[in-house]
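Structure, as structure tokens:
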There are 2 protein chains.
Amino acid sequence: MRGERLHGFRALCRQRDLAVTHQRTIIYEALFSMSGHPSPEQVYERVRQQIPSISLATVYKTINTFLETGIVHEASLHHGSLRLDSNLEPHHHMVCTKCKAIFDLEPEAIGPVLMKGALPNGFRVQRLSVEVLGLCERCANSQNGSLQGVNQRLAS
Amino acid sequence: MRGERLHGFRALCRQRDLAVTHQRTIIYEALFSMSGHPSPEQVYERVRQQIPSISLATVYKTINTFLETGIVHEASLHHGSLRLDSNLEPHHHMVCTKCKAIFDLEPEAIGPVLMKGALPNGFRVQRLSVEVLGLCERCANSQNGSLQGVNQRLAS
DNA sequence: GTACCTGCAAATTTTTTGCGCGACA
DNA sequence: TGTCGCGCAAAAAATTTGCAGGTAC
């Protein structure tokens with residue numbers, strides 16, 4: 001199991017032309033062993049148990065590399081800054097995973113969402129939100145990532 | 001129209017025991033007039049056109065007040081810090097709007113999501129994500145803070 | 001050997017806080 | 001008139017960057 005995972009990590013890195021370093025290996029192990037949806041800070045604390053000299057900057061850089069290459073995902077949309085929605089009517093969003101632009105969807109664009117199973121432990125539902133994640137036209141057409149900031153500004 | 005909105009704002013404030021100040025009124029107007037999903041910084045830039053002397057701190061404080069009292073929502077979950085998800089299999093999340101905790105849902109917990117309408121402008125879909133927003137057991141049971149009571153009353 | 005990776009420190013960005021004056025109710 | 005809100009400046013939190021030395025391939 002552990003060997004499998006390590007082998008998998010080496011393969012993942014090779015596919016992406018990433019060097020297999022000790023730090024990356026330990027961070028990868030940490031990410032997959034942590035049950036919740038950890039923050040970089042929490043990953044750092046965990047990784048320090050095995051590499052006390054590691055720096056938080058390395059954890060950030062590695063996580064960003066993993067995100068860019070699809071080794072992990074963001075659990076939240078994480079729009080680095082707060083984004084407000086003044087439309088209190090139920091509606092859904094389309095989010096560009098590259099430039100982080102948010103687009104409203106018509107309420108009818110998404111069919112009714114069925115909740116089948118029981119929710120854990122007395123969770124009190126307020127509302128449901130569907131997010132269609134993908135690439136907006138601009139990002140889909142631009143091969144380089146350098147316009148990201150520009151796109152985000154233009155998108156609003 | 002404009003009068004209606006202003007009247008509505010006064011009523012919203014009265015329901016929540018908030019003072020109706022000039023700054024709050026202008027920020028409210030700005031939020032509802034901006035089509036996108038603006039960041040506090042963008043709201044600040046807009047509001048400055050009408051109140052050049054306003055401070056960014058006031059914009060933040062006011063936005064937080066509006067969020068706490070349900071006058072606006074967060075367009076992103078905004079977990080102030082990046083949260084990672086090492087599970088690349090399709091699955092959905094339950095998010096506590098108060099403590100921001102993220103819980104995984106079983107893939108079967110949510111029925112298939114139907115997309116009916118056309119998506120805007122060549123958006124390339126990568127994946128769908130359903131978020132069940134609400135209060136986790138701990139937050140639902142802690143009744144502290146008068147603001148929460150207001151929220152709950154208004155939510156039902 | 002070369003290009004990429006890491007650690008450190010400093011810089012940026014985003015958001016919050018403390019405090020004294022002023023405005024709303 | 002008393003309490004709450006505002007502006008200012010400073011602090012805190014989150015993330016990124018530049019650079020010099022080290023490591024993977």
Side-chain angles (χ1 to χ4, degrees), chain A residues 6 9-28 30 37-45 47-48 50-69 71 74-84 100 145-146 148-149 152-153, chain B residues 6 9-28 37-45 47-48 50-69 71 74-84 100 146-147 150:
Chain A
L6 276 178
F9 181 61
R10 301 185 74 85
L12 285 173
C13 287
R14 236 176 281 121
Q15 289 172 339
R16 292 160 174 79
D17 282 317
L18 296 176
V20 180
T21 68
H22 185 218
Q23 287 88 340
R24 283 177 178 171
T25 306
I26 300 299
I27 290 170
Y28 177 83
H37 295 79
S39 66
E41 193 73 36
Q42 290 171 318
V43 174
Y44 175 56
E45 289 308 325
V47 169
R48 279 172 87 177
Q50 291 170 76
I51 314 178
S53 62
I54 200 169
S55 94
L56 180 56
T58 297
V59 173
Y60 269 101
K61 286 171 187 167
T62 303
I63 285 173
N64 280 329
T65 302
F66 286 176
L67 286 172
E68 286 161 11
T69 56
I71 290 176
E74 298 186 28
S76 70
L77 299 180
H78 178 246
H79 297 100
S81 90
L82 177 61
R83 301 291 288 277
L84 298 163
K100 310 294 184 178
S146 61
Q148 236 174 298
Q152 185 162 357
R153 237 176 295 120
Chain B
L6 276 179
F9 181 61
R10 301 186 74 86
L12 285 174
C13 287
R14 236 176 281 120
Q15 288 173 338
R16 293 161 174 78
D17 283 316
L18 296 177
V20 180
T21 68
H22 185 218
Q23 287 87 338
R24 283 176 177 169
T25 305
I26 300 297
I27 291 170
Y28 178 83
H37 295 79
S39 66
E41 193 72 36
Q42 290 171 320
V43 174
Y44 175 57
E45 288 308 324
V47 169
R48 281 173 86 179
Q50 290 170 77
I51 315 177
S53 62
I54 201 169
S55 94
L56 180 57
T58 297
V59 174
Y60 268 100
K61 286 172 188 166
T62 302
I63 285 173
N64 280 329
T65 302
F66 286 176
L67 286 172
E68 286 161 11
T69 55
I71 290 177
E74 298 186 28
S76 70
L77 300 179
H78 178 246
H79 296 98
S81 90
L82 177 60
R83 302 289 289 277
L84 299 162
K100 310 292 184 179
S146 57
L147 292 178
V150 172

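A, B, ... follow the sequence lines: proteins, then strands. Residue 1 opens every chain.
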At what distance, to the nearest 0.5 angstrom, does CG of A/L67 lie from CG of B/L82?
-> 6.0 Å
Could you list the protein-to-nucleotides 1-3 of chain D atom pairs, N/O on both sides, closer than 3.5 Å?
none

Kindly write out the residues that satisfy side-chain contact (heavy atoms from CB on, under 4.5 Å) with A/R16, not counting sequence neighbours, or none if the list is empty.
-> A/L12, A/L18, A/T69, A/I71
If you round to the nearest 0.5 Å, how far is OG of A/S39 from NZ of B/K100?
-> 15.0 Å
Roughly how far apart are A/I26 CD1 and A/R48 CZ, rounded to 0.5 Å?
-> 15.5 Å
Between D/dC4 atom P and B/D17 atom CG, what is the distance in whole Å?
-> 10 Å
Under a 4.0 Å heavy-atom criterion, DNA chain C is touched by chain B from C/dT14 to C/dA25
Could you tell me, to 10°, how much the axis swings from one end of the helix from C/dG1-D/dC25 to C/dA25-D/dT1 to the other, five pairs per end?
-> 50°
In whole angstroms, how far is the P atom of D/dG5 from the CZ atom of B/R16?
-> 14 Å
So, the side chain of B/R10 versus the backbone of B/V20: is there a donor-acceptor pair under 3.5 Å, distance only?
-> no
Check every strand shown and say whether B/S39 touches a base, only sugar-phosphate, or nothing at a heavy-atom separation below 4.0 Å.
-> nothing
Just wondering, do A/L84 and B/F66 contact through their side chains at under 4.5 Å, heavy atoms?
-> no
A/T58 near the nucleic acid: base, sugar-phosphate alone, or nothing, with a heavy-atom cut-off under 4.0 Å?
-> base
CD1 of B/I27 to NE2 of B/H22, rounded to nearest 0.5 Å, is 10.0 Å
Correct closest heavy-atom pair for A/A19 and A/C13 would be O-SG, 4.3 Å
Taking CG from B/L18 and C1' from D/dC6, how many angstroms apart are they, rounded to a whole number?
-> 15 Å
Contact residues, residues 59-69 of chain A to DNA chain D [heavy atom, < 4.0 Å] | A/Y60, A/K61, A/N64
Should B/Y44 and B/P40 count as side-chain neighbours, where that means a heavy-atom distance under 4.5 Å?
-> no
Look at B/Q23 and D/dG7 and indicate whether a side-chain polar atom (N or O) is within less than 4.0 Å of OP1 or OP2.
-> yes
Would you kindly compare B/E41 and B/H22 by the position of their nearest DNA chain C nucleotide and give the one closer to the 5′ end?
-> B/E41
For residues 57-66 of chain A, which residue pairs qualify under side-chain hydrogen bond (donor to acceptor under 3.5 Å, both in side chains), counting only residues two or more places apart or in two chains?
-> A/S55-A/T58
Grab the CG-P distance between B/L56 and D/dA10 for me, whole Å please.
-> 16 Å
Sidechain-backbone polar pair: B/R83 side chain, A/A75 backbone, donor-acceptor under 3.5 Å | no
How far does CD1 of A/I51 sit from CD of A/Q23, to the nearest 0.5 angstrom?
-> 5.0 Å
Can you tell me how far the CG atom of A/L56 sits from the CD atom of A/E45, to the nearest 0.5 Å?
-> 9.0 Å
Between CD of A/E45 and C1' of D/dA13 the distance, given in whole Å, is 15 Å
Using a cut-off of 4.0 Å on non-hydrogen atoms, how would the nucleic acid contact of B/A57 be classed: base, sugar-phosphate, or nothing?
-> base
Along DNA chain D (nearest heavy atom to each residue), the more 5'-positioned of B/L82 and B/I51 = B/I51
Toward the 5' end of DNA chain D, by each residue's nearest nucleotide, B/I54 or A/V20 = B/I54
